Undergrad: 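Structure in structure tokens, see below.
Convention: sequence-line order gives letters A, B, ...; per-chain numbering from 1. Only a predicted model underlies this, so the values are computations on that prediction, with no experimental measurement involved.
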Protein chains: 4
Amino acid sequence: MENERKAGRPRSEEAHQAILSATNRLMEATAVRNVTIEGIAKEAGVGRPTIYRWWDSKCSLVMDAFLDSAAPKIPFPKKKSPVEAIKEQVKRVVKLLLGPSGRIVAEIIGEGQSDAHVLEEFRERFFSKLFAPARAVIEWGKETGELDENLDTDLAMDLIYGPIYYRLLIGHQPLSKDFATVLTERVIMALKPISSKAL
Amino acid sequence: MENERKAGRPRSEEAHQAILSATNRLMEATAVRNVTIEGIAKEAGVGRPTIYRWWDSKCSLVMDAFLDSAAPKIPFPKKKSPVEAIKEQVKRVVKLLLGPSGRIVAEIIGEGQSDAHVLEEFRERFFSKLFAPARAVIEWGKETGELDENLDTDLAMDLIYGPIYYRLLIGHQPLSKDFATVLTERVIMALKPISSKAL
Amino acid sequence: MENERKAGRPRSEEAHQAILSATNRLMEATAVRNVTIEGIAKEAGVGRPTIYRWWDSKCSLVMDAFLDSAAPKIPFPKKKSPVEAIKEQVKRVVKLLLGPSGRIVAEIIGEGQSDAHVLEEFRERFFSKLFAPARAVIEWGKETGELDENLDTDLAMDLIYGPIYYRLLIGHQPLSKDFATVLTERVIMALKPISSKAL
Amino acid sequence: MENERKAGRPRSEEAHQAILSATNRLMEATAVRNVTIEGIAKEAGVGRPTIYRWWDSKCSLVMDAFLDSAAPKIPFPKKKSPVEAIKEQVKRVVKLLLGPSGRIVAEIIGEGQSDAHVLEEFRERFFSKLFAPARAVIEWGKETGELDENLDTDLAMDLIYGPIYYRLLIGHQPLSKDFATVLTERVIMALKPISSKAL
DNA sequence: CACTAAACGAGACGGTACGTCGAGTCTTGGA
DNA sequence: TCCAAGACTCGACGTACCGTCTCGTTTAGTG
């Protein structure tokens, strides 16, 4: 009833996966920029039209492939306090970006600068998923009073993660665990209730 | 003495400028990604080899062209206090990035994600120049005591400008004058002496 | 007893005819060369494999379709004399080739140049059928003495029909009724008993 | 003065010849139909665009290649009489078509059935050149009175060469030297003055 | 003042990858 | 068992740029 496909050979899940994993292999081996549809087809042992049948651009394929494999699960551990939770999460994000995913994330964002679709997909499918828990923690902090209740959550997110992506993308200074530590220490100061200053 | 070229037709400054301005015109018209050497040559009325003679890649040409024209001079006005100076400068940077240069900067950074040269040139020729005064202001603030004297200047830079570039590059939230205002208000809190905490 | 098919869905005569007539429609609309199996399947509302099940190549399908519809019946009228009969028949062949079938015949022969099967099928199924009566007339003429009794029938056929197909295929001069007339007048001269020359 | 090309790298005669001879090699090895631009490029060690720069279709390339190499010089020997000359020339044409050129000629004509350009080029560049002398001989025969002075030269050409190409293209009977002989013997009868009949 | 040598425009070169089309095969579910 | 639908691999298509390579033509400065 809800089955819309009436007839026809069903999509080959085998080919589908072969394409995704070939894409991932190539993304790890070379710059995303230099990954070509042709190369993916060859690596996957698949006809090029098969790729074009299911993805309308290299970008959506790259996104799919990235999310399919590297798509990082950053489990958000319940911590005793919001501040502790933030510290912990920043550590994990930095750790993730220090790994091979970091370069790929950066390159995808890079591609996105000249292709709005990529950026949009990236935000919707990777970003918002990854950061939803972080937003929740900030809200939690605002409720408990540990963070300024007037704090704009979007701004808070940018204060925390902006510097991280900044370093990732500009590369003027390396990302590192230590950076994560000192960053959070400082940034937390900006998130606390202003009243404390009044003391 | 160091002049090695003895004879021969000297480099045509005319062609040089034609190439740079053609590049700028094209960068404004389309994505940097889609600017081609071929297109530049045609637009400039110049042979392709002439471009390759003087630039070894599209990227360095793009950088040169960008710096040649759009290269923003952000004059750093002396202000009564470091904090005021920071606020003022952030406002100007955001204003700059809101203009047409913003997209180009973003695209260059984007290209840089798959080409280390671009990123390096970008940092050396645009970035460090643009932000040298900002660093100076932070140092000044540390001296006057308005900012924490133990503050790492690099970290401070990232705290201030990270969120801006983050928004520029990810596009999850728009850059705006208001953002500049609230951003600095918050971020300044993170830069102040921790002594207040000692209370 | 001779029915070997025990069970299963019987062959759809409907589909069979749909394919043939779709092919004819397309052959009339475009060059045989540009008729594709894909196009036929779509036009006939039929799956591509169904076509491959019954015809092993586009060529045999095209032949079948051509014979199925356009396959010209050139009824051979009994005439008082062999020479009259030849004249009459040439007229009819030319008339046929001047019509839409002419182009299709030419195109099939054209395809045949790079595919021996086509040519063979064409000869066996179209050609020999069409020209069997003509051969009979020539034999008749040889018997009555109107034509040279030593005349090789194959040669005679080529003398008569060669020039017609020559014009059809090369196109250096147009086929026409007049051509048919003058052609036969001349060619008959070559078929008569040589003895007449001895006079 | 008549030099129109002002600047730019001149066309590589090397590449030009490599393409032509590669095409010829492939045409001899496989059906013209199955010769691909890609294959030619590879065989010639040449980039595909180089071919497209100079030929707008496979057909014109094939024609050029054919004329470049196989382009048969059928020297027309002066004979004592027109009839002898015709016999001699028919022999040579048949001999030519019996060789490897025959198949290629047939295939080109075949391609021409679905592409008017090919046929036109074929007629203009191969056909008319090849047959100009034959026409001259017929005219000569008409002048000397050996051939019917009222004979239409076009028709005469078709009577002579029609049967040959007919066999070449239909393949119902083989071309052969003997065929050439008996053909001319008969066909000459049709070309002689009709007056003989009056006797 | 002629000569020389570098830089110029033009554009052809061998390539790579693009996105599309059609061929012929294979695999479903339904009739 | 046959059908429609349609996904599959394969390979050629014609195009856009790439970066390199001649060409013949300026155009300074040197000898």
Undergrad: Side chain of B:Glu111, backbone of B:Cys59: donor and acceptor closer than 3.5 Å?
TA: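 A pair under 3.5 Å: no.
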Undergrad: Donor-acceptor pair, C:Glu107 side chain versus D:Ser114 backbone, under 3.5 Å?
TA: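 No: the side chain of C:Glu107 does not pair with the backbone of D:Ser114.
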Undergrad: Return whichever of B:Pro49 or B:Ala15 has its heavy-atom-nearest nucleotide of DNA chain E closer to the 5' end.
TA: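 Per heavy-atom nearest nucleotide, the more 5' residue is B:Ala15.
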Undergrad: Looking only at side-chain atoms of D:Arg48, point me to the closest of F:dG14, F:dC17, E:dG11.
TA: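 Nearest to the side chain of D:Arg48 among the choices is F:dG14.
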Undergrad: Quick check for you: among E:dG9, E:dG11, F:dC17, whose closest atom lies nearest to any side-chain atom of B:Val46?
TA: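 Taking heavy atoms from C-beta onward, the closest nucleotide is E:dG9.
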Undergrad: Provide, to the nearest angstrom, the distance between the CG atom belonging to C:Leu61 and the C1' atom belonging to E:dG24.
TA: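 Distance check: C:Leu61 CG to E:dG24 C1' gives 14 Å.
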Undergrad: Roughly, in whole Å, what's the span from CD in C:Glu13 to P in F:dC3?
TA: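 Going from CD in C:Glu13 over to P in F:dC3 covers 10 Å.
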Undergrad: Are any side-chain N or O atoms of B:Arg103 and backbone N or O atoms of B:Met27, one a donor and one an acceptor, separated by less than 3.5 Å?
TA: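 Confirmed, B:Arg103 side chain pairs with B:Met27 backbone.
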Undergrad: Do A:Ser60 and A:Asp64 meet the criterion of a side-chain donor-acceptor pair at a distance under 3.5 Å?
TA: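 No, no side-chain donor-acceptor contact under 3.5 Å.
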Undergrad: Kindly state which residues belonging to residues 51-58 of chain D come within less than 4.0 angstrom of DNA chain E, counting heavy atoms of the residue only, listed by number.
TA: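 Going residue by residue through residues 51-58 of chain D, the ones with a heavy atom under 4.0 Å of DNA chain E turn out to be D:Arg53, D:Trp54.
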Undergrad: Whole angstroms only, please: what is the NE2-C1' distance between A:His16 and F:dC8?
TA: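 Going from A:His16 (NE2) to F:dC8 (C1'), I get 15 Å.
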Undergrad: Using atom types as modelled and distance alone, determine if a side-chain donor or acceptor of C:Thr50 lies under 3.5 Å from a backbone N or O of C:Val46.
TA: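 A pair under 3.5 Å: no.
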Undergrad: Other residues, nucleotides and ligands only: do more than 12 of their heavy atoms fall within 6.0 Å of CD on A:Glu14?
TA: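 Check fails, neighbour count at 12 or below.
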Undergrad: Angle class for the B:Phe66/B:Phe126 ring planes (parallel below 30°, perpendicular above 60°, tilted otherwise)?
TA: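 Because their plane-to-plane angle lies in the 30° to 60° range, the rings of B:Phe66 and B:Phe126 count as tilted.
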Undergrad: Would you mind checking if A:Asp115 and B:Arg33 are paired as a salt bridge, meaning a charged N to carboxylate O distance below 4.0 Å?
TA: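 The answer is no: the pair does not qualify as a salt bridge.
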Undergrad: Say whether, by atom type as modelled, one donor and one acceptor occur between the side chain of A:Lys58 and the main chain of A:Val35 under 3.5 angstrom.
TA: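 Present.
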Undergrad: Separation of C:Glu14 atom CD from F:dC2 atom C1', in whole Å?
TA: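 The answer, rounded to whole Å, is 13 Å.
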Undergrad: Please state whether the phosphate of E:dG9, meaning OP1 or OP2, lies under 4.0 angstrom from any side-chain nitrogen or oxygen of B:Thr50.
TA: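 Checking B:Thr50 against E:dG9: at least one side-chain N or O falls below 4.0 Å of OP1 or OP2.
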Undergrad: At a heavy-atom distance below 4.0 Å, what parts of residues 30-45 of chain A sit against DNA chain E?
TA: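 When residues 30-45 of chain A is checked for heavy atoms under 4.0 Å from DNA chain E, the hits, listed by number, are A:Thr36, A:Ile37, A:Glu38.
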Undergrad: Which listed nucleotide (E:dG11, E:dG14, E:dG9) is nearest to the side chain of D:Arg9?
TA: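 Nucleotide nearest to D:Arg9's side chain: E:dG11.
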